[in-house]
Amino acid sequence: MARVSQEHLDARRRQIMDGAALCFARNGFHATSMQDVLKEVGLSAGAVYRYFRGKEELIGAIVGEVLEWLQATFEAAAQETPPPPPDVLVGRALTQVLAQNQGGGEGETPYFPRLIVQVWAETLRNEELATVMRQGYAKVRVAWVKIVEGYQAAGMMRDDVPADHVARVMVATAQGFAAQLALFDEVPVEALQDGLRGLMSMGKPT
């Protein structure tokens, strides 16, 4: 029997995760069945269950991957001296995430914002997923703390505010932007960047 390459296994796993994420974002976690996922990816049950035991494991893998990617992105930025300013860094990260999560066709709305809102709701009742989210959030926040400390060391930001507090606000900014995309309108990433630049430009009244 021919041996299946790791590249093939990785590509198949990617195919399953992408298809499942699109299904969850489109119809919600509970309204999506494994049969829906099988139909979306065009694979047999045996092929899918070789990689994932069910929906819970699938959503955990999807969320974990995105959080790990964001952590790596921000950790790399923290190594720059000084780190890129918040508007550049957040805009860069969100643009790349949204570009990789299109809604199934060119020109369609990215599905990631809808997916993350579904994940937040599921986290309230799924302790395993909540654990994945807490751990991933903590790692992203730590990476942002290092970035803020870089800003403070370079004199780009006042140093009398705890870096962790600023980090939490930066994470919340990205989360809020994702919620706006999912729930209200298709605001471009550039609008978030403009808003951040406006806030960063504030000074004492003259």
Side-chain angles (χ1 to χ4, degrees), residues 21 59-101 110 112-206:
I59 195 68
I62 293 166
V63 171
E65 181 182 69
V66 172
L67 290 171
E68 287 177 4
W69 182 86
L70 289 172
Q71 176 192 355
T73 298
F74 294 136
E75 285 181 345
Q79 301 304 313
E80 299 183 41
T81 306
D87 60 312
V88 172
L89 183 51
V90 173
R92 178 193 304 170
L94 285 174
T95 297
Q96 292 177 357
V97 168
L98 296 177
Q100 295 173 2
N101 291 272
F112 177 74
R114 301 194 302 275
L115 176 63
I116 197 62
V117 171
Q118 298 284 353
V119 168
W120 288 338
E122 181 63 14
T123 296
L124 297 177
R125 61 168 296 280
N126 185 323
E127 184 56 35
E128 288 188 13
L129 182 58
T131 298
V132 172
M133 287 288 286
R134 280 195 296 267
Q135 292 175 345
Y137 169 75
K139 292 176 181 177
V140 170
R141 197 178 80 237
V142 167
W144 257 110
V145 167
K146 294 178 181 176
I147 292 171
V148 174
E149 290 173 344
Y151 294 153
Q152 293 173 334
M156 298 169 60
M157 182 179 291
R158 52 189 293 178
D159 59 8
D160 60 339
V161 177
D164 179 65
H165 295 184
V166 180
R168 288 176 183 271
V169 170
M170 294 311 305
V171 174
T173 298
Q175 291 173 325
F177 180 74
Q180 285 190 42
L181 280 175
L183 301 174
F184 304 123
D185 52 29
E186 297 182 16
V187 58
V189 173
E190 290 77 14
L192 174 63
Q193 292 179 291
D194 287 344
L196 285 172
R197 279 193 292 270
L199 289 172
M200 290 159 53
S201 70
M202 288 184 66
K204 294 182 179 180
T206 57

Are [X] and [Y] side-chain neighbours, meaning at least one heavy-atom pair lies under 4.5 Å?
X	Y	result
I147	W144	yes
V132	E128	no
L115	I62	yes
K139	L67	no
Q193	V90	no
M170	L196	yes

Side-chain donor-acceptor pairs under 3.5 Å in residues 72-87, sequence neighbours left out?
| from | atom 1 | to | atom 2 | distance (Å) |
| --- | --- | --- | --- | --- |
| T73 | OG1 | W69 | O | 2.9 |
| E75 | OE2 | Q71 | NE2 | 3.0 |
| D87 | OD2 | R197 | NH1 | 2.8 |

Counting only pairs under 3.5 Å, give me each side-chain donor-acceptor contact of residues 172-181, with atom names and distances, residues two or more places apart or in other chains.
| from | atom 1 | to | atom 2 | distance (Å) |
| --- | --- | --- | --- | --- |
| T173 | OG1 | V169 | O | 2.8 |

Identify each donor-acceptor pair in which a side-chain atom of residues 156-167 lies under 3.5 Å from a protein atom, sequence neighbours left out, and give them as a table.
| from | atom 1 | to | atom 2 | distance (Å) |
| --- | --- | --- | --- | --- |
| R158 | NE | D160 | OD1 | 2.7 |
| R158 | NH2 | D160 | OD1 | 3.4 |
| R158 | NH2 | D160 | OD2 | 2.8 |
| D164 | OD1 | R141 | NE | 2.8 |
| D164 | OD2 | R168 | NE | 3.0 |

Which pair of non-hydrogen atoms, one from L70 and one from A93, has the smallest distance, and what is that distance? CD2-CB, 4.4 Å
Is it true that a side-chain atom of T95 and a backbone atom of R92 form a donor plus acceptor pair closer than 3.5 Å? no
